[in-house]
Enquirer: 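Let me begin by handing over the structure; questions about it come next.
All values below were derived from every heavy atom in this structure, side-chain atoms included, with hydrogens, water molecules and symmetry-related copies excluded. Both counts, for ligands and for their atoms, begin at 1 and track the order of listing.
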Amino acid sequence: MKQAVVNPFLLTGYEGPEYFCDRKLETQKITEALTNGRNITLISPRRIGKTGLIHHVFHTLEEQQDSSCFYLDIYHTHSLHDFVQVFAETVIGSLDTKSQKFDKTEESLKEIFAYLVDSGKVCYIAMDEFQQITNYPEKGVEALLRSYIQQLTSVHFIFSGSQKHVMETLFTSASRPFYQSTQMLQLKEIDLTDYQSFVLKLFEKGKKAITTGAIDWAYQIVHGHTWYVQVLFNRAYSLRDTLVDVIQVENVLTEILEENEVTYLTYCNLVTGKQLALLKAIAKEGQVTEPTASSFIREHNLGAASTVSTSLKSLLAKELLFNNKGNYFIYDRFFSLWLKKI
Ligand SMILES: Nc1ncnc2c1ncn2[C@@H]1O[C@H](COP(=O)(O)OP(=O)(O)O)[C@@H](O)[C@H]1O
Ligand SMILES: [Mg+2]
């Protein structure tokens, strides 16, 4: 039996539509694509809600039709061999002993796909953090997977990933096997209005109250970035106050930043002095479109444009910064707020 959810603002996992905010349009788009034989590529920064959305879509699909949905997270796989292990475990449940052997990898892959086809059911497979396949040491991984996937008529796929650039290269470069083989979906933040009604409903259900001002403030301060929003409401929900107002949410945020100080100091130690100065400058502004512009550099005393440009590249590679269509922001929204304070 499933345990009752104590706090409705979940920070991990998926517990059904009741605890899932909006994503109606995205769910519709994805189910429509999949049920019409089009595979999907889902891209967004981390913690926006790709994994949650995949589970929500699968929940919807399984309710609509007799189908089998398989979710695999390949973030921790480092080779095609690992990939096949995870795939087999997810789909078949147990592993054939011969698939343990490296040289049998391709054979096992063939077996898994054959198993899916033989099931006679429509199958949906999500491969989360799919960009990981580009790090596998084996040659021709993309072409191999593509060749299998291409032949299947009863198995449909969601390829999901957080590394925007890598994901886009995989699916939009003419020279790559997966070129134009899927429908692309860039997942954005949930709209504030949808979050408002979601939060009000859940507070009411728990016989608690929160002001719309508090909801707006929490949402805006983390730019609607889903996980950070959820963390704030999870904390706000657990307060004893009868009415949660902006002041309480501000206090919640201060507490979170204090608790995480050690982590943030570690982040600071990962970067050079110049990189830290740039991080602080971007944190101060919230987001920056032209960090190499002379006005920005002058205002924040960042030195030469070439230095800023080098720092930018390094911070992006370390995933401390994120570049969303030319908008630079600090990937960890709480870290950003902490930097702004110090
Ligand atoms: N639509 C949603 N409503 C409520 N919480 C959500 C929603 N989407 C995601 N979350 C929560 O936000 C967090 C990050 O979502 P996740 O799906 O793991 O992001 P991603 O896969 O993009 O990194 C999770 O804690 C998840 O529970
Ligand atoms: Mg995820």
Enquirer: At under 4.0 Å between heavy atoms, which part of Tyr14 makes contact with ligand 1: side chain, backbone, both or neither?
Expert: neither
Enquirer: Do the side-chain N and O atoms of Gln275 and Ser314 include a donor-acceptor pair separated by under 3.5 angstrom?
Expert: yes
Enquirer: Leu316 and Phe322: same hydrophobic cluster, using ILVMFWY side-chain contacts below 4.5 Å?
Expert: no
Enquirer: Out of Arg47, Arg333, Glu189, which residue meets the side-chain hydrogen bond (donor to acceptor under 3.5 Å, both in side chains) rule with His225?
Expert: Arg333
Enquirer: When clusters are formed by joining ILVMFWY residues with side-chain heavy atoms under 4.5 Å apart, either directly or through shared neighbours, do Tyr331 and Leu320 land in the same one?
Expert: no
Enquirer: Between Ile190 and ligand 1, which residue portion shows a heavy-atom distance shorter than 4.0 Å: side chain, backbone, both, or neither?
Expert: side chain
Enquirer: For atom 13 (C) of ligand 1, what's the nearest protein heavy-atom neighbour? Residue, atom name and distance, please.
Expert: Trp227 CD1, 3.5 Å
Enquirer: What protein heavy atom lies closest to atom 7 (C) of ligand 1? Include the residue and the distance to one decimal.
Expert: Phe20 CE1, 3.6 Å
Enquirer: Check whether any side-chain N or O of Ser173 sits under 3.5 Å from a backbone N or O of Leu170 as a donor-acceptor pair, and report yes or no.
Expert: no
Enquirer: Asp22: heavy atom below 4.0 Å from ligand 1, yes or no?
Expert: no
Enquirer: May I ask you to identify the nearest protein heavy atom to atom 17 (O) of ligand 1, giving residue, atom name and distance to one decimal place in Å?
Expert: Gly52 N, 2.7 Å
Enquirer: To check your reading of the model: name the closest protein heavy atom to atom 19 (O) of ligand 1, its residue, and the distance in Å.
Expert: Gly49 N, 3.0 Å
Enquirer: Tell me whether Gln131 contacts the main-chain N or O of Ser162 through its side chain, where contact means a donor paired with an acceptor under 3.5 Å.
Expert: yes
Enquirer: Please confirm if an N, O or S atom belonging to Thr51, backbone or side chain, lies less than 2.8 Å from the Mg ion (ligand 2).
Expert: yes
Enquirer: Name the closest protein heavy atom to atom 12 (O) of ligand 1, giving the residue it belongs to and the distance to 0.1 Å.
Expert: Thr226 CG2, 3.7 Å
Enquirer: Which is it for Lys50 and ligand 1 at heavy atoms under 4.0 Å: side chain, backbone, both or neither?
Expert: both
Enquirer: Taking all non-hydrogen atoms of both residues, which atom of Leu61 and which atom of Ser67 are closest, and how far apart?
Expert: O-OG, 3.8 Å
Enquirer: Contact between Ser162 and ligand 1, counting heavy atoms under 4.0 Å?
Expert: no
